[in-house]
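First comes the structure, then the notes that go with it.
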Amino acid sequence: MRRHPRRGEAGRQVSLPSQEGLPSERGAEVGRRIGVGLMYGLFRPRVLGSWKVPATGPVIFAINHSHNLDGPMVMGVAPRPTHFLIKKEAFVGPLDPFLTGIGQLKVDRSGADRKAISRALGVLDGGGVLGIFPEGTRGEGDFASLRAGLAYFAVRSGAPIVPVAVLGSSERRGRLIKGLPPLRSRIDVVFGDPFEAGDGSGRRTRTALDEATERIQKQLTLHLENARRLTGR
């Protein structure tokens, strides 16, 4: 099995998996089609700016996260199939083979999951779309606190970041299913302009990643503010 070594953070080697070990692009497209049916069948998504997503090449979606519905919603409305980094706790019972089958990536958040990192970089190296919730967990969905993972993937791969704001998923609870928004409610998904996380120097040091994280947070916060003005939410 041929591997392509790349220089990782702080000088560590991170090897990309072979194409056979990468999450399925075809599976991610199946997941996208399932998402289209479910999201448009259950809710009324309003999608703005999807034309800004590059049609080809590696892309990172950076998505705010206030509800478990945010991932499936973006998967269903995005113009390209997306491989999300999803916490390993979600891969339980029948969901494990299902999520794996639709090209999603299991990640252990308790430490540096080298396998997940390698496979995520493999997605980008192959010109795919990687979906990340940079806040790390559900919260206010305001990008107030970002983990360094997004900067690492962006700087390492050179892939542009497309900010994505999901608005309306956590405003109200449904009467029939308490864990979801009301059926047929409107949820806005706003895609922003792609931007580069690095400073153009090619540096991958800890300082460079910290600086990239600050730049990313400013861009994501600005996009969220614009999305709220645009949608009135």
Side-chain angles (χ1 to χ4, degrees), residues 17 19-88 90-92 94-107 116 119-134 138 141 150 153-154 157 159-169 177 179-181 183-194 223 227:
Q19 290 298 315
E20 291 79 7
L22 293 178
S24 168
E25 182 76 8
R26 180 177 297 179
E29 174 59 23
V30 171
R32 190 185 74 84
R33 295 181 182 183
I34 292 173
V36 168
L38 288 176
M39 296 303 103
Y40 282 93
L42 297 175
F43 308 102
R44 292 188 298 116
R46 181 171 62 169
V47 184
L48 304 173
S50 61
W51 57 270
K52 297 179 180 180
V53 177
T56 60
V59 173
I60 300 174
F61 286 159
I63 308 149
N64 67 324
H65 197 23
S66 61
H67 196 281
N68 284 332
L69 185 68
D70 299 336
M73 180 60 68
V74 173
M75 185 183 297
V77 305
R80 294 176 60 184
T82 307
H83 304 273
F84 278 92
L85 279 169
I86 302 174
K87 62 181 180 181
K88 69 174 185 178
F91 289 74
V92 294
L95 279 179
D96 189 346
F98 172 73
L99 290 173
T100 301
I102 61 171
Q104 306 310 296
L105 293 160
K106 181 190 304 185
V107 60
R119 299 183 76 206
L121 288 172
V123 166
L124 296 171
D125 187 64
V129 179
L130 181 67
I132 296 179
F133 298 106
R138 281 183 296 123
L150 174 56
F153 286 120
S157 68
I161 296 173
V162 172
V164 185
V166 181
L167 304 173
S169 59
I177 306 177
L180 293 176
L183 298 180
R184 305 306 299 162
S185 61
R186 195 189 80 198
I187 297 175
D188 293 322
V189 182
V190 185
F191 293 87
D193 294 313
H223 171 67

Might you point out which heavy atoms bring [X] and [Y] nearest each other, and give the distance in Å?
X: P45; Y: V77; result: CB-CG1, 4.0 Å
X: I132; Y: I60; result: CD1-CG2, 4.0 Å
X: A227; Y: A165; result: CB-CB, 3.8 Å
X: F153; Y: A120; result: CE2-CB, 3.6 Å
X: V162; Y: G192; result: CG1-O, 3.6 Å
X: G131; Y: T82; result: N-CG2, 3.7 Å

Validation row: [X], [Y] side chains within 4.5 angstrom (heavy atoms):
X: P23; Y: V123; result: yes
X: F84; Y: I63; result: yes
X: L130; Y: L85; result: yes
X: S157; Y: P58; result: no
X: F98; Y: I34; result: yes
X: H67; Y: L180; result: yes
X: M39; Y: P72; result: yes
X: P194; Y: I161; result: no

Determine, stepwise, if the pair V189 / V164 fulfils side chain to side chain contact (heavy atoms under 4.5 Å, CB included). CA-CA 7 Å; V189 182; V164 185; 3.8 Å; yes
Write out all pairs satisfying salt bridge (Lys or Arg N to Asp or Glu O under 4.0 Å) with one or both partners inside [range], taking only residues at least two apart or from two chains.
range: residues 36-51; answer: R46-D188
range: residues 49-65; answer: K52-D193
range: residues 55-64; answer: none

Point-to-point distance, once rounded to the nearest 0.5 Å, from [atom1] of [X] to [atom2] of [Y]:
X: N64; Y: S169; atom1: CG; atom2: OG; answer: 7.5 Å
X: Q104; Y: L95; atom1: CD; atom2: CG; answer: 11.5 Å
X: K106; Y: I86; atom1: NZ; atom2: CD1; answer: 11.0 Å

Holding to ring-ring contact (aromatic ring centres under 6.0 Å, His included), I want the full list of residues that pass it with F191, two or more places apart in sequence or in another chain. F61
Scan for ring-ring contact (aromatic ring centres under 6.0 Å, His included) pairs involving residues 25-53, sequence neighbours excluded, and state none if there are none. none
For the side chain of R80 and the backbone of V59, is there at least one donor-acceptor N/O pair under 3.5 Å apart? no
Without placing hydrogens or testing angles, list every side-chain donor-acceptor pair under 3.5 Å for residues 24-32, not counting sequence neighbours.
residue : atom : partner : partner atom : Å
S24     : OG   : R26     : N            : 3.3
S24     : OG   : G27     : N            : 2.7
E25     : OE1  : H83     : NE2          : 3.1
E29     : OE1  : R32     : NE           : 3.1
E29     : OE2  : R32     : NE           : 3.4
E29     : OE2  : R32     : NH2          : 3.1
E29     : OE2  : R33     : NE           : 3.0

Give the intermediate values and the outcome of side chain to side chain contact (heavy atoms under 4.5 Å, CB included) for residues L167 and I187. CA-CA 6 Å; L167 304 173; I187 297 175; over 6 Å; no
